[in-house]
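Here is the structure we will look at, set down as structure tokens.
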Amino acid sequence: RAQIDAAIARAESLERTMSADRAHLVEQLAEDQGKSFEEVDRELTKIEDQVDAGGPLPPVIPPTTPTPKPTTPRPTTPAPTTPEPTKTPEAPKPDPTPEPPPASGSAVEKAIAFAQDQLGEKYSWGGAGPSSWDCSGLTMRAWQAAGINLPHYAPAQYKATKRINVSDMRRGDLLFWSNGSVNSIYHVAMYLGNGKMIHAPRPGRTVEIVSVSYWIKPDMASRVG
């Protein structure tokens with residue numbers, strides 16, 4: 001029985017990892033192709049269904065190519081003597097966020113109390129309340145309830161807060177899981193102390209309190225303020 005339980009635990013851990021990796025992949029594809037998360041998710045699901053059924057694969061979905069700029073000037077603009085070289089547009093950078101003041105003990109407790117009030121509510125990708133959440137939506141609203149604004153994106157939350165060692169985490173700190181770099185962060189949770197954390201884990205699950213080590217341990221941590 002112990003061996004069976006261990007095998008089930010390993011299978012569930014692998015399923016959680018694959019689900020998180022797939023969500024991160026879909027998010028990256030959506031950004032690269034200029035499509036919505038839901039549209040890319042439907043396309044990948046169709047491919048996966050055809051693979052499972054043993055049917056032929058659909059053609060590869062090419063990335064969306066931006067419409068080239070017109071080479072001739074508009075009627076109201078004088079024709080330039082020398083055409084400017086085409087530049088690759090840079091991704092818009094977020095406005096610099098001023099460093100927040102250190103979070104007080106009362107702010108930490110307000111953030112935790114808000115998160116705990118959402119226990120049992122369902123996970124929804126992109127959810128930020130009032131009754132469904134994704135991982136960064138929950139932590140964003142929790143700290144917003146304590147008077148501190150965070151972005152709704154796990155890597156951005158890590159960048160907007162004070163980085164600490166996982167071994168130094170304390171009540172209210174944010175815990176992160178990644179594939180080895182800040183930009184590959186795919187999950188965030190809030191530490192409650194005594195080895196416990198609260199998070200919105202994945203589709204099909206609800207906001208819950210679990211052990212920090214119930215899955216794979218976080219590899220990054222930060223402190224608000």
Would you check, one step at a time, whether the test side chain to side chain contact (heavy atoms under 4.5 Å, CB included) holds for Gln144 with Leu150?
CA-CA 7 Å; Gln144 189 178 69; Leu150 295 177; over 6 Å; no

Trace of the side chain to side chain contact (heavy atoms under 4.5 Å, CB included) decision for Val224 with Leu174
CA-CA 8 Å; Val224 179; Leu174 299 180; 4.2 Å; yes

For Arg171 and Ile112: C-alpha separation, side-chain torsions, deciding distance, then whether side chain to side chain contact (heavy atoms under 4.5 Å, CB included) applies.
CA-CA 9 Å; Arg171 189 168 169 86; Ile112 290 176; 3.3 Å; yes

Carefully, step by step, assess Ile209 and Gln116 under the rule side chain to side chain contact (heavy atoms under 4.5 Å, CB included).
CA-CA 8 Å; Ile209 294 175; Gln116 291 179 331; 4.1 Å; yes

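Pairs passing the salt bridge (Lys or Arg N to Asp or Glu O under 4.0 Å) check and including a residue from residues 149-168, sequence neighbours excluded, do not occur.
Taking both residues in full, the closest heavy atoms of Ile198 and Ala115 are given as CD1-O, 3.3 Å, listed atom of the first, atom of the second, then distance. Considering every non-hydrogen atom in both Tyr123 and Trp125, the closest pair reads CE2-N, 3.6 Å. Minimum heavy-atom separation, Pro201 to Glu208: CG-OE2, 3.6 Å. Between Gly180 and Ser178, the shortest heavy-atom contact is N-OG, 3.0 Å. The minimum heavy-atom distance linking Phe176 with Ser222 is given by the pair CE1-OG, 3.3 Å. Here the shortest heavy-atom pairing between Trp133 and Arg141 reads CZ3-CG, 3.4 Å.
Every residue two or more places apart in sequence or in another chain that forms a side-chain contact (heavy atoms from CB on, under 4.5 Å) with Ala146 is listed here: Ala107, Lys110, Ala111, Trp143.
In this structure a side-chain-to-backbone donor-acceptor pair under 3.5 Å is present from Ser184 to Asn179. Trp177 contributes a side-chain N or O that, together with a main-chain N or O of Ile216, makes up a donor-acceptor pair within less than 3.5 Å. Formation of a donor-acceptor pair under 3.5 Å by the Gln157 side chain with backbone atoms of Pro151 is found in this model. Looking at Asp173, its side chain never comes within 3.5 Å of a backbone N or O of Arg223 through a donor-acceptor pair. The backbone N or O of Gly137 lies less than 3.5 Å from a partner atom in the side chain of His152, making a donor-acceptor pair.
The distance from the CG atom of Leu192 to the OG atom of Ser211 is 11.0 Å, given to the nearest 0.5 Å. Put simply, SG on Cys135 and CG on Leu175 are 12.0 Å apart, with the number rounded to the nearest 0.5 Å.
If you check the side chains of Ser136 and Thr139, you find no donor sitting under 3.5 Å from an acceptor. Under 3.5 Å, the side chains of Ser132 and Glu121 contain no donor-acceptor pair of N or O atoms.
By the 4.5 Å heavy-atom criterion applied to side chains, Pro218 and Val212 are counted as neighbours. Side-chain atoms of Lys217 and Val166, non-hydrogen and from C-beta on, never get closer than 4.5 Å to each other. At a threshold of 4.5 Å between non-hydrogen side-chain atoms, the residues Asp134 and Leu138 do not count as touching. Taking 4.5 Å as the limit, every side-chain heavy atom of Phe114 sits out of range of all side-chain heavy atoms of Met190.
If you look at Tyr214 and His199, their ring centroids are closer than 6.0 Å.
Cluster annotation: Met140 is not connected to Val108 through the hydrophobic network of ILVMFWY side chains, with a link wherever side-chain heavy atoms come within less than 4.5 Å.
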